[in-house]
Protein chains: 2
Amino acid sequence: MRLAELSARSGVPTATIKFYLREGLLPSGERISATQADYGGEHLHRLRLVRALIQVGRMPVATAREVLAAVDDTELDQHSRLGIAAWSLPGPAQGPNPGEEDDAATQTARQEIDGLLEHLGWEEFGPGTPAYETLLHAVATLIRLGYPCEAPHLRRLAQIAAQVAEADLDLLEGLPSEVEQVEASVALTVLYEPVLLSLRRLAQAEESARRFGG
Amino acid sequence: MRLAELSARSGVPTATIKFYLREGLLPSGERISATQADYGGEHLHRLRLVRALIQVGRMPVATAREVLAAVDDTELDQHSRLGIAAWSLPGPAQGPNPGEEDDAATQTARQEIDGLLEHLGWEEFGPGTPAYETLLHAVATLIRLGYPCEAPHLRRLAQIAAQVAEADLDLLEGLPSEVEQVEASVALTVLYEPVLLSLRRLAQAEESARRFGG
DNA sequence: AAGCATGGATAGCGTCACTATCCGACACAG
DNA sequence: CTGTGTCGGATAGTGACGCTATCCATGCTT
């Protein structure tokens, strides 16, 4: 398959594919001649994954490059590679801008979160991980706005999140090979986020209608 | 309080506040003289909300303007206003780009989702709502990539989402006034998204360590 | 042999969220 | 009353990002 066909089958413009090649998101095809390259089904799949990460998962191009490089890195052990999705991602929202003050709200948030993680026994993945920083920033913002964000409510949400994680890993374990599991770990982590959030919004609308009458 | 103090207290640069004023995200202060304006606590609160929506919730400026306008619109009834957060938002990820083909994957996804919504009795908020479109796009992408996305798994997630929505509305009902509830509906919908996603990632890491050994 | 498509390189575009600069009008100190 | 500084408002510019348009030499296709 040549570039034009890859474009046709994926729906991605050739100029964009060239851009992804240049950026190292997509390996180049096998050179047939000086002006021709051949792409296979693997390229098509990778291209769709790239698009999904960038467009659906809103992942920056640079991040996608790092994540995909890690996915391809056979030097790493399975456990590290499976964790990459959860680590390399700015995902939902970045942490505080560099130099943002460590104000009262942030300190309260940190206490709340550390208490929560201790309670759950999730202390292994504490400060320093992107997810922790994102959580901290979001909770601090909630506090700064004066919205309720107490321990019991956070605990309730954390337990719900644990259910989601269980469902996620049930899916992962269903996959045959390790390579597939690693790629799936990234893809499912990122792509199920909009699914989860959309379902939450639909459920909210439904529940709101039930409670406040429609 | 004058612009400079508003800036100091919120941590937002004056130039940015001026930008928000210009864009209609923040009402102008009371004019003291031709070159002076006075801002109150309400302005500080609104400014923080704007920042939160844009930076934490990643909401486009134009969307934030619409959402805030609707929040302020006292002509609307409570139920409509409470729904605004769930409706006005491109939120997690946009729907398909205009002109994206209605391919096989999309059709399968639509069937899957319609079946799910029917099963749950959530048919009131079907096609046409942003959440539905986002969900459709994400599920279609998963299918296109060959990842599992079957009815039982979606149902499981939907039930979890319903738990989140319940928790959300429990929080909302705890607020005294209707005005507060409306603003909180927007703020909590948007700001709890990164909280939920971060918790999911932490839970994933934890569960992954448990299953695959760390 | 003609003509067009190909892959690669380079530079440009459109959007978005700010941000830097300038300006005339005031406030306030001396 | 005068000088100095700050204010709010307007306009244009910036930097990041994700593409996208153009050009070119090559060489496949007919």
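Bear in mind that the values here come from a model prediction, so they are computed numbers and not experimental data. Sequence lines set the chain letters: A, B, ... in the order given, protein chains first and strands last, and positions in each chain run from 1.
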- Message: Which is more 5' along DNA chain C, the nucleotide nearest B:R2 or the one nearest B:P13? Just name the residue.
- Response: B:P13
- Query: Looking at residues 18-41 of chain A, who's got a heavy atom less than 4.0 Å off DNA chain D?
  - Reply: A:F19, A:Y20, A:R22, A:S33, A:A34, A:T35
- From the options D:dC28, D:dG8, C:dA17, select the nucleotide whose nearest atom is closest to the side chain of B:V61. C:dA17
- Item | Touch class at under 4.0 angstrom, heavy-atom based, for B:A62 against every strand present | nothing
- Message: If the condition is side chain to side chain donor-acceptor pair (under 3.5 Å), which residues does A:R48 pass it with, not counting sequence neighbours?
- Response: none
- Does B:E207 have any salt bridge (charged side-chain N to carboxylate O under 4.0 Å, His left out) partners at least two apart in sequence or in another chain, and if so, which? B:R210, B:R211
- Note on the structure: Taken in chain and number order and not counting sequence neighbours, the residues that satisfy salt bridge (charged side-chain N to carboxylate O under 4.0 Å, His left out) with B:R31 are none
Show me, pair by pair, the donor-acceptor contacts under 3.5 angstrom made by side chains of residues 20-27 of chain A, not counting sequence neighbours?
| unit_1 | atom_1 | unit_2 | atom_2 | d |
| --- | --- | --- | --- | --- |
| A:Y20 | OH | A:R51 | NE | 3.4 |
| A:Y20 | OH | A:R51 | NH2 | 3.4 |
| A:E23 | OE1 | A:R65 | NH1 | 3.0 |

- Note on the structure: Quick note, ring pair (Phe, Tyr, Trp, His ring centres under 6.0 Å) partners involving residues 167-195 of chain B, not counting sequence neighbours, are A:H153-B:Y192
- Query: Residues in salt bridge (charged side-chain N to carboxylate O under 4.0 Å, His left out) with B:E42, at least two apart?
  - Reply: none
Write down the protein N/O and nucleotide N/O pairs, taken from nucleotides 12-15 of chain C, whose separation is under 3.5 Å; answer none if there are no such pairs.
none

- Task: Look at the side-chain N and O atoms of B:R58 and state whether any lies under 4.0 Å from the OP1 or OP2 oxygen of C:dC16.
- Result: no
- Query: Looking at residues at least two apart in the chain, or sitting in another chain, which of them share a salt bridge (charged side-chain N to carboxylate O under 4.0 Å, His left out) with B:E180?
  - Reply: none
- Query: Does a side-chain N-to-carboxylate-O contact under 4.0 Å join B:E183 and B:R46?
  - Reply: no
- Do the side-chain N or O atoms of B:R51 get closer than 4.0 angstrom to the phosphate oxygens (OP1, OP2) of C:dC18? yes
- Query: Which whole-number value in Å describes the distance from B:R65 CZ to C:dA17 C1'?
  - Reply: 13 Å
- Query: In whole angstrom, what separates A:M1's CE from C:dA5's C1'?
  - Reply: 17 Å
- Query: How close or far is atom C1' of C:dG8 from atom CD1 of A:I17, stated in whole angstroms?
  - Reply: 14 Å
- Task: Can you measure from CZ (B:R156) to CG (B:L154) and round to the nearest 0.5 angstrom?
- Result: 12.0 Å
